[in-house]
Amino acid sequence: MSDNQKNLNEIKKFRLEKLKFLKDNNIDPFPHNFDKNNNIIEIKNDSKKYENHDISIAGRIISIRKMGKSSFLNVKDMSGKIQVYTNNQNLSNDEYDLVVRKLDIGDIVGIKGSVFYTKTQELSIKANKVELLSKNLHPLPNMKEKDGELFFSFDDKEQRYRKRYLDLIINDDSRDVFISRFNIINSIRNYLNINSFIEVETPVLQPVYGGANAKPFTTYHNSLDQNLFLRIADELYLKRLIVGGFEKVYEISKNFRNEGMDKNHNPEFTMLEFYSAYSDVYDMMELTEGMIKNLVKEMKLEVNGIDFKKNFDVFSFFDVLDKYSNIKISEMNTKEIHSVMKNNNIPLDKTYGYAKSLDKAFSFFVEPKLINPTFIINYPIELSPLAKVERNSNGKIVERFELFMNKMEIANSFSELNNPIDQKERFLAQQKLKDSGDEEAQVLDNDFIEALEVGMPPTGGVGIGIDRLVMILTNKKSIKDVILFPAMKNEHSNT
RNA sequence: GACUCUGUAGCUCAGUAGGUAGAGCAGCACCCUUUUAAGGUGAUGGUCGCAGGUUCGAUCCCUGCCAGAGUCACCA
């Protein structure tokens with residue numbers, strides 16, 4: 001690859017020559033620190049206060065206009081950008097000739113000087129000290145802009161994901177997404193903390209994986225001499241903590257699932273799970289709705305087409321399925337549902353049982369309609385092996401909700417099954433599915449059963465896919481846009 | 001996994017009904033002390049994703065492969 005980058009190598013060669021020039025003149029191109037006293041945004045927001053005052057800023061040069069004995073630099077820090085004016089009179093000790101004339105776009109500089117307005121009334125800094133803080137050796141993509149609009153922008157999605165640091169330097173929108181992501185997680189964390197939840201950490205490397213139906217990644221520990229699995233969910237460990245006497249716990253962490261990738265799926269993704277003892281699924285609904293409303297309000301988010309202000313809708317699984325399909329699917333058997341699927345061109349596999357078929361029908365008829373936040377409750381037991389039976393039902397319905405918005409499922413919650421005998425039977429049923437070839441079926445976890453035998457209080461639990469929530473709240477269509485370094489295949493197969 | 005589209009200079013893109021490629025920006029040299037998508041002059045910069053095939057000749061046509069995007073399928 002490097003051999004056919006002659007032009008790039010030439011640019012690097014020139015930069016290296018500049019490095020040498022600086023060193024020959026006793027200028028360290030990579031000094032150890034800089035006394036940065038001001039963020040650029042402060043100066044811009046309060047320009048009257050700073051006019052004619054001394055300030056010091058630092059940041060990356062995003063454009064240069066060299067004009068012989070004077071030069072303009074546009075410098076960008078985390079907070080904003082500002083123009084810097086330099087000339088060979090205001091700088092001391094040949095600084096203009098030795099430093100400024102050698103500057104490149106992409107260099108990181110420290111600037112000391114005073115705030116003033118140019119002839120065209122642009123707020124600027126007249127530099128009396130320009131210090132190179134880090135030399136750019138690899139050129140940046142185009143950064144020409146006018147009135148905040150980029151020209152020839154850095155647009156190639158693949159390169160933006162692979163070289164996220166360039167994306168962040170150049171595309172403010174991209175950086176803002178990750179600041180929003182931070183704020184969203186921060187708001188959630190505060191909300192849970194205020195509600196007396198304790199944040200915990202449970203193992204990523206697990207001898208037995210569980211808590212969801214998914215294919216795991218496997219790895220190997222040398223000194224234990226045993227295989228380990230990367231977690232697919234936090235669930236079983238968090239419930240052990242409820243057994244242990246923690247009454248409210250949560251964890252925000254990466255899960256890993258060895259499955260397909262698309263705009264809604266990354267092999268590692270961030271999940272929030274929280275569990276509350278002596279609570280049921282309806283308590284968790286209230287808590288979840290409060291959490292999301294609080295965060296939308298706190299962040300003053302404007303989300304396209306979604307109304308977070310009114311109370312979230314609550315529909316029963318079968319009611320809403322019958323309503324949107326205009327058929328009494330709730331009264332049908334597997335065979336009848338299959339024929340409905342055929343009539344609507346829903347992809348059908350003959351191995352689909354009752355539960356799977358219902359799930360498919362729901363995805364087809366109902367999910368596309370769920371734009372505003374909507375709780376779906378009263379799921380059929382066949383779809384919900386970890387949930388308690390609904391207290392007033394005939395045993396065919398469980399206490400569970402899923403929260404949908406913008407056609408996506410973003411939360412899943414149960415009144416958690418705490419009967420160890422029942423739980424063991426359900427594990428064994430999963431084991432049978434696994435033996436007959438279902439790679440995503442769950443594995444019997446004897447230690448977890450033993451924990452339930454010790455006794456777990458009635459507990460409500462919720463899982464929320466953070467990446468998807470961030471997608472919705474930042475109006476992004478791909479999960480890759482809300483993950484800093486999304487999974488990508490090697491660019492060249494033999495590297 | 002299936003289908004469609006994309007891959008040309010560091011970046012953004014042209015282009016050739018098949019005769020080994022152009023522009024803007026960046027970079028280089030020179031001029032320029034309030035410019036701002038600064039400007040002017042000049043000179044650079046490419047195995048046209050990779051590998052085969054057809055052809056006198058391929059960046060262009062064909063096949064395979066690699067990577068990405070989009071749709072669909074599976075899963076959160």
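Numbers restart at 1 for each chain; the letters A, B, ... are given by sequence-line order, proteins then strands. All heavy atoms count here, side chains included; hydrogens, waters and symmetry mates do not.
- Residue I11(A) places its side chain closer to rG10(B) than to any other of rG10(B), rA37(B), rU34(B).
- The side chain of K157(A) approaches rA69(B) more closely than any other nucleotide in the set rU34(B), rA69(B), rA9(B).
- Nucleotides rA43(B) and rC3(B) have their C1' atoms positioned 49 Å apart, rounded to a whole Å.
- Distance CZ (R101(A)) to C1' (rC31(B)): 11 Å, rounded to an integer number of Å.
- Rounded to a whole Å, the NZ atom of K12(A) is 16 Å from the P atom of rG27(B).
- Of the listed nucleotides (rG24(B), rU34(B), rA37(B)), rU34(B) has the atom at the smallest distance from the side chain of K126(A).
- The shortest side-chain heavy-atom distance between E51(A) and L123(A) does not fall under the 4.5 Å cut-off.
- Applying the Watson-Crick and G-U wobble criteria (two distances, each under 3.5 Å), rG64(B) pairs with rC50(B).
- Distance, N87(A) CG to rC32(B) P: 15 Å, rounded to whole Å.
- Nearest to the side chain of K480(A), among rG68(B), rA69(B), rU33(B), sits rA69(B).
- Closest to the side chain of P139(A), from the set rU35(B), rG10(B), rA73(B), is rG10(B).
- Among the nucleotides rA26(B), rA67(B), rU36(B), the one closest to the side chain of I105(A) is rA26(B).
- Using the six-membered ring where Trp is involved, F312(A) and F375(A) have ring planes that are tilted, between 30° and 60° apart.
- Ring pair F362(A)/F404(A): centre-to-centre distance below 6.0 Å.
- With rA37(B), rU33(B), rU35(B) as the choices, the nucleotide that has an atom nearest any side-chain atom of F151(A) turns out to be rA37(B).
- Looking only at distances, no side-chain donor or acceptor of N171(A) sits under 3.5 Å from a matching main-chain atom of S174(A).
- Remark: K360(A) is in phosphate contact with rC74(B), judged by side-chain N or O atoms under 4.0 Å from OP1 or OP2.
- Using a 4.0 Å heavy-atom distance criterion, F154(A) is classed as a sugar-phosphate-only contact.
- For rA29(B), the paired base is rU41(B) (Watson-Crick or G-U wobble, both distances below 3.5 Å).
- In this structure, K489(A) places its NZ atom 12 Å from P of rC65(B), rounding to the nearest Å.
- In terms of phosphate contacts, K146(A) brings no side-chain nitrogen or oxygen within less than 4.0 Å of OP1 or OP2 of rU36(B).
- Take the nearest nucleotide of RNA chain B for N74(A) and for D156(A): the residue whose nucleotide is more 5' is D156(A).
- With distances taken from any side-chain atom of K18(A) to the nucleotides rC28(B), rU34(B), rA69(B), the minimum falls on rC28(B).
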